[in-house]
Each structure stands twice: as C-alpha cells, then as structure tokens.
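One structure below.
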Amino acid sequence: MSDGDGEEREPMQAERVVDRADRVERIEHAAVAAARAGDAVAFAALFDSYHGPITSYLYRLTGSRETADDLAQETFIKAFRALGRTSDDLNFRAWLYRIATNSAVSWRRRQQLLTWLPFSRSDDSGTPEFEPGHDPRLAESLAEQELVATALRRIGPKHASALLLRHHLRLTVDETAAALDINANTAKVRLFRARRAFIDAYNALDTDTNRTPARETRS
Amino acid sequence: MNDACANTRRLLSEQLDGTLTTDERAELRAHIATCPNCRAFERDLQAGLAGIARLPRVSGNSAIREAVLAGVHPGGRSAWPRGWRDWSGQLTKLGGAIAAFALVAVILMTVFNGTGEPDDHQSGAIPERPPFNIETATPEPIPTVPTNADIYAPPICHPDQVEYELQVDAFPGDPAINSPSFVRIGVHAIKSTGGMICRVEAPVTLTIADEAGEPLDIQGNPVTGIIAATLGPGDARTEFAWLNWCGAQDPFSLTAEILTSSDSETTTGQSTEVRPLCDDPNQPSILGQSSMAEATSAADSCQSGQVATEANDAGLQIWI
C-alpha cells in the first residue's frame, strides 16, 4: 500500500512512544469530557478501560475477589455521580484510583468493627479469574506470586496501596500522590518507606518458607 | 546500618522515581560498588518490585458491568437510588453482628434474672431463642432494589410481530471536543409492531468489514451486543464506542445485523466508511457498548400504567 520512503516517514522510537502517549491521553481526555457532559457511551468506554485495573487493585488491597467486585461497583457509581462536578483538567485515572482507595479504606474500617466477632467468616472467595492473555510462562511461579501478595498484605494498606499504584498499575509519582490524596513529596517518602517495608516483609517470608522443611524436620 | 547505607537506600528509592541528580547518582553508584549489603538490597528491591509489576491482573466481573452501566443514563443522570450499592456481603456480616449482639443479650438477661433459667414471662426477655448458628444468624433476605425492568417490563414481542430497518451510523465523536479518534457507532433499529407495546431483546451483531466486505479482526473485543427496548411506534437504539482501535488501518465500514424473526431471517444495515486511529498497539482496543436503548419520544413509551418520563427521555426502557 505504501509507495513512499518508509525510513523518511518512520519517526524515531522515542518520538513514537511520546506521540502514542499524547494521543492516548487526548482520547481519554475527550472521553472524559464527553462522559462529564452526560454521554453514557463515553462513560461505558471509560468503564471498560478501567474495570479490570480497578478490580485488580482492589483485589490486591483486600485479598477478596468478592469484596473487590463490590468495591469496584461502588467506585464506578461514585465516579459517575461525581464526574459532572469535576473540572476540565481532571486526571481521571488518578481520581478514579482515589475513589477506589477511599472505598477500600472505608471497607477496612467496617471490617475492623466486625472482626471481633467470633462468627465472622473469611470472605476470600478463592483464586480469582485472571485476565485472558496473561501468559503464566512469563510470570513468576505461583509460589513466588503468593509471596509477593502476602508481603503486600503484611505491610498494611497504606504502604501496599502506594506500591500497587506505582509499580503494579504504573501510575506516575504525581498520579500516585493524587490517588492517595497527598502531595508529591509525601508520596515519595511514603514510597520509600513502603519499598523498605515490602523488601523486609518479602525477605522475612522468603526466609520462613525456606526454613519450614527444616523446622518440620526438627519438630 | 550506618548513615551511608541508610542514605543509599533512600537514593535507590528516589532513583526509581527519576528524581536523582547526576551527583546523587554518582554518589549512589560509588557506595554500591563498595558495599555488599547495599548491593544485596538493590537486588532485592529490583526483584521484589518486579514481582509486584508481574502480579496477574484480574478481569472485571461482567455482572458488575451490567449493574453499573444499567444505571447510567444520558445527560449524567443515574438510575441507582441514592446510597444504593450491593450491600449483600456486608449485610450478611452485619446480620452476624446483630445476631451475636442478640446472643450476648440473651446470655446477660439469663444471668441477671437470678435463676439461671430464661424467664419467658419477664418483660423484654427473648423467649425460646434457638441456639446460635450461622443459619439463624443470617437475617431475612433484604429485597434487592427493583430495577425499572422488574417493575415496568411489558411482554416480549413475538419475533414475527416485529419488522426492523437498521441504520448504522459511525461518526467521529463530538466536534465540540475535537476528538476525531473517539468514534461513536449508533445502531438504530427502526421497527414496526403494529401498534403493540411490547419489548424486544434481540441480539445485534456488529461486524467491522473492509471495503471488500471481509470481516476485520477487532483484537478480541466484543462485537456482539444486545439491543433491547420497549417498542412502541418509535425506534430503539444501541450504541457502541471505541477508543484506540488497532485493527486494519485502511478505511472500513460497519455492518450491523439483527435477528428479526423466528426463522432466523436477518436484517442488516451498513455504515459509510470510517477511519479510526490506532493510538497504542500495545494497549487493547476498547469497544464499549452503551447499556441502554431508548425509544424516540416520551409519547412512544409513556402509556397508562407505565411510569411517566420526561420529554425525549426513555431511559427507563432498559432491559439489557
């Protein structure tokens, strides 16, 4: 189809990446503007963009698929209701994760009120259905994933949310700060503490795991 | 850990956020080169954070999608009652809490009546309370919030009563927001039901085809939606929208197809050519479908016994 000089028209890799990012941002901005104006189709498109990532984030924060689904639903309903009151320069992604984070924090408070009951049951509904296309050959072993997930739970939601936003969902530092409702400098400090706590928890778990057979042998 | 090591760990963290100066980077590398503990920490940090990045993502629950989008109406209005959300999980736990409080109350009253026996005649006592267990702790099911569909759904049209004409329109977003790559696709099913008020739930298949009519790959995105609406004398509509469409780059047309009768006869409609833009081949294309269909006017849908609607608002006719 192309009869021109491919090299002349081929932009540099870095330029292409920047160009793509700009265009994706423009598209999302347009969709957000349309959704803010009440366009239900645009909101549906935004929902489809973020439903999986938001559910993933909430699942990693709560450890429960059922709770993650409930909180994702709550997040999007709140977002739709509040979108019309937001400003044109809204960073939709960070704003949506902030709503999700607040929902998770509220959920945790409710949980803490109920955890004293001897009758409470674990609401962990088991292994969730992972996104199609995820290639298990490229992932760490299940045991490794479990170590990472357990270490994240050990360090608490304040630190885990920062690490998940920055390293799992790849938000920028500024977006992470906005999602956590803190300023950028505070976000950097929190990320530093979270990384340190995570490595400590991860190494402790790794050590425990490796020692378990020996302990069992001794006992 | 000495001060130099503590400072190095701070710098390692800041390096991940791209905030190191050239001098700080040099200072970091110089220390790492001579300190095995900090080298090990750097290795652990890289491996641990890579593990977080590689954690599998879960996919969204389709039931949640339906529940959320069923409440989204044009114009920014929502159909969810204020304060509504699915509290079923929490209510189960809350029921457990209430039952546990009740159990404690029973025990306390049993103790304080001085006999050690429950007193059924004493005012305020709870007689013959069965022993606590999970089943009795679960409260009566709280009715879910009924949807408009539950209340107002008219009978489903017999397929032979309905005739369709499909119009497929693809147009590049709203010029007011200058977004040529945000494409909306409207599929309008104009139908005739002989004046009957009935409801249709007919699958609409949206196909993307090249100029020769050959279907194009849409990268695993759903291309089948359900158009469903109360069919008065007006029409019904479903809409799709996509972002970042990364199929073939040549212009293409859209074809919609709807099953129109019990003998599998179909009606199709075709759009003019469109050329959406691929913004990032590494990201999935997003083809979203509006979860609503609407009649063309209030007069079409507002019948005796049904809920009144605002002019040009048939948002209650949703059965997806």
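Proteins come first, then strands; the chains are lettered A, B, ... in the order of their sequence lines, and each starts at number 1.
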Atom pair [atom1]/[atom2] of [X] and [Y] - distance to nearest 0.5 Å:
X	Y	atom1	atom2	value
A:Leu191	B:Asp17	CG	CG	5.5 Å
A:Asp200	B:Phe41	CG	CZ	7.0 Å
B:Arg9	A:Ile199	CZ	CD1	10.0 Å
B:Leu45	A:Arg195	CG	CZ	7.0 Å
B:Ser13	A:Arg190	OG	CZ	13.5 Å

Hey, are the side chains of [X] and [Y] touching, using non-hydrogen atoms and a 4.5 Å cut-off?
X	Y	result
A:Phe47	B:Arg65	yes
B:Leu69	A:Phe43	yes
A:Leu152	B:Leu55	yes

So, the side chain of [X] versus the backbone of [Y]: is there a donor-acceptor pair under 3.5 Å, distance only?
X	Y	result
A:Arg166	B:Leu16	yes
A:Ser56	B:Val58	yes
A:His168	B:Ile52	yes

Reference residue B:Asn61; test side-chain contact (heavy atoms from CB on, under 4.5 Å); the match among A:Glu66, A:Gln73, A:Arg65
A:Arg65
Among the listed options A:Phe198, A:Tyr202, A:Tyr57, the residue most often paired with chain B at heavy-atom distances under 4.5 Å:
A:Phe198
For A:Arg170, does the CZ atom sit with more than 12 other heavy atoms under 6.0 Å from it, leaving out its own atoms?
no
What do you reckon, is CZ of A:Arg193 surrounded by more than 12 foreign heavy atoms closer than 6.0 Å?
no
Give, as side chain, backbone, both or neither, the part of A:Leu169 having an atom under 4.5 angstrom from any heavy atom of chain B.
both
